[in-house]
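Single-structure report; data block below.
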Number of protein chains: 2
Amino acid sequence: MVRKPNCKEVILDAAEAVVMEMGAVHMSLDVVARKARVSKGGLMYHFTTKKSLLKAMIERLVKQYYKDRAVVLEKIKEGKGRLLKAGILTALAPDKKRDRMGLSILVVAAHDPELLKSLKDAHRDHLNELTGSGLTLERAAVISLASDGLMLSEMLGFSPYSLAQKKNIKDTMIRMIEELESAA
Amino acid sequence: MVRKPNCKEVILDAAEAVVMEMGAVHMSLDVVARKARVSKGGLMYHFTTKKSLLKAMIERLVKQYYKDRAVVLEKIKEGKGRLLKAGILTALAPDKKRDRMGLSILVVAAHDPELLKSLKDAHRDHLNELTGSGLTLERAAVISLASDGLMLSEMLGFSPYSLAQKKNIKDTMIRMIEELESAA
DNA sequence: ACAAGTATACCGACCGGTCGGTATAGTGTC
DNA sequence: GACACTATACCGACCGGTCGGTATACTTGT
């Protein structure tokens, strides 16, 4: 009987994988346990209820979210004029993690929307940080909305854009905001 | 035994209401039937499987989507210079229907993501229509992304913006794109 | 005009299976 | 010996789907 050093993380990963493969509704505890190569008892040992598993999923996600945001804020602070560029680049960056993020949000939203509260707070915090860094609410919102839009697209498997197109789109947005910046 | 004149529509409405109230996962056939004041047998008469109900949900939604798009395209065609304004205004318009739309997408995505295909096609068509009307892909993408972002926000109950703020955001985006327009 | 037949629209009990959760006895590791 | 599990059995609730039956509306032969 091998002790798993970070069993919780393994289970969380498995849960995400299950959602990706079978859809949010079909994420049952048995299936997750099997995927994580853990007995059901083992799973229940770490997460006493399904709700606690779901909660852990978004909590891990929110944690990652804040970590990413710290990087953005750092970039914004150091390069004053380029703050928007930094913000948008990060917001629109194609990220493997973002896909998983979308999936986790989807499961939780489907099972128990109330659990999204902490994510909602993180989202609002992000907006506040952006505006606090000298951006007007509107410009921050544009960045935020574009980021959300891209996430939704990836999350549902939409996003008809090629990688090259995505780059062009990003460039366009940066130009748009920079022009606005200099006009103000 | 009263015959309902448009029973299918009533059931579809009920399904959406159930999702809104209890979350996507808890949308069972029994609950939907009860909500629609139809017996389970009655529901199964109209929708032989749950999948067919889900399919009907997004099909109705896609139909509405195309109807809305027709209006936008009309506006774009008549006022050449203001095409972007018209497009963006419609894309960002706060719409009660959009909320239900998001919810329906959420259920279907949770149950059987494959069923989203027709919506995906509609989404792509919309982009093609925008680019076909003289917009570059990038500008069309910005409109599209912002629209998606707003939908995601509403869909998950995010969107910390007040109505006045939303108006400002829209104005900002319009200004941004108009400036880009004149610069080109 | 009306009975007979047929298609349509709907009811609600029921079935097999799955789900979240509980319980319990046992096992290797620190 | 506490901890971190495995393995398995079980429970009640609920789920999607079936089925036999019934009420209503439309057609048709006479």
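In what follows, chains are A, B, ... by sequence order, proteins preceding strands, each numbered from 1.
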Length of the [atom1]-[atom2] vector between [X] and [N], whole Å:
X	N	atom1	atom2	value
B/R34	C/dA13	CZ	P	13 Å
B/N6	C/dA9	CG	P	13 Å
B/D30	C/dC11	CG	P	13 Å
A/D112	C/dG20	CG	P	14 Å
B/K8	C/dT8	NZ	C1'	13 Å
A/K40	C/dA23	NZ	P	13 Å

* **From C/dC19, D/dT6, D/dC15, nucleotide with atom closest to A/S28 side chain** => C/dC19
* To do: Measure from the side chain of A/L29, starting at C-beta and using heavy atoms only, and say which of D/dT6, C/dG20, D/dC15 lies closest.
  => C/dG20
* Structure fact -> Shortest non-hydrogen pair, B/L29 vs B/L53, comes out as CD2-CD2, 4.0 Å
* To the nearest 0.5 angstrom, please state how far the CG atom of A/L119 sits from the CD atom of A/E59. => 11.0 Å
* Would you check, one step at a time, whether the test side-chain hydrogen bond (donor to acceptor under 3.5 Å, both in side chains) holds for A/H111 with A/K50? => CA-CA 10 Å; A/H111 278 86; A/K50 188 177 189 181; 2.9 Å; yes
* To do: Quick one: list whatever passes side-chain contact (heavy atoms from CB on, under 4.5 Å) with B/K120, sequence neighbours left out.
  => A/F158, B/R124
* To do: Go through residues 43-57 of chain B and report each residue with a non-hydrogen atom lying under 4.0 Å from DNA chain C, sorted by number.
  => B/Y45, B/H46
* Asked: Is there side-chain contact between A/L54 and A/M57, with heavy atoms separated by less than 4.5 Å?
  -> yes
* Given the rule in the salt bridge (charged side-chain N to carboxylate O under 4.0 Å, His left out) test, do B/D13 and B/R60 qualify, once you have shown the distances and angles that lead to the verdict? -> CA-CA 11 Å; B/D13 288 340; B/R60 186 168 82 158; 2.8 Å; yes
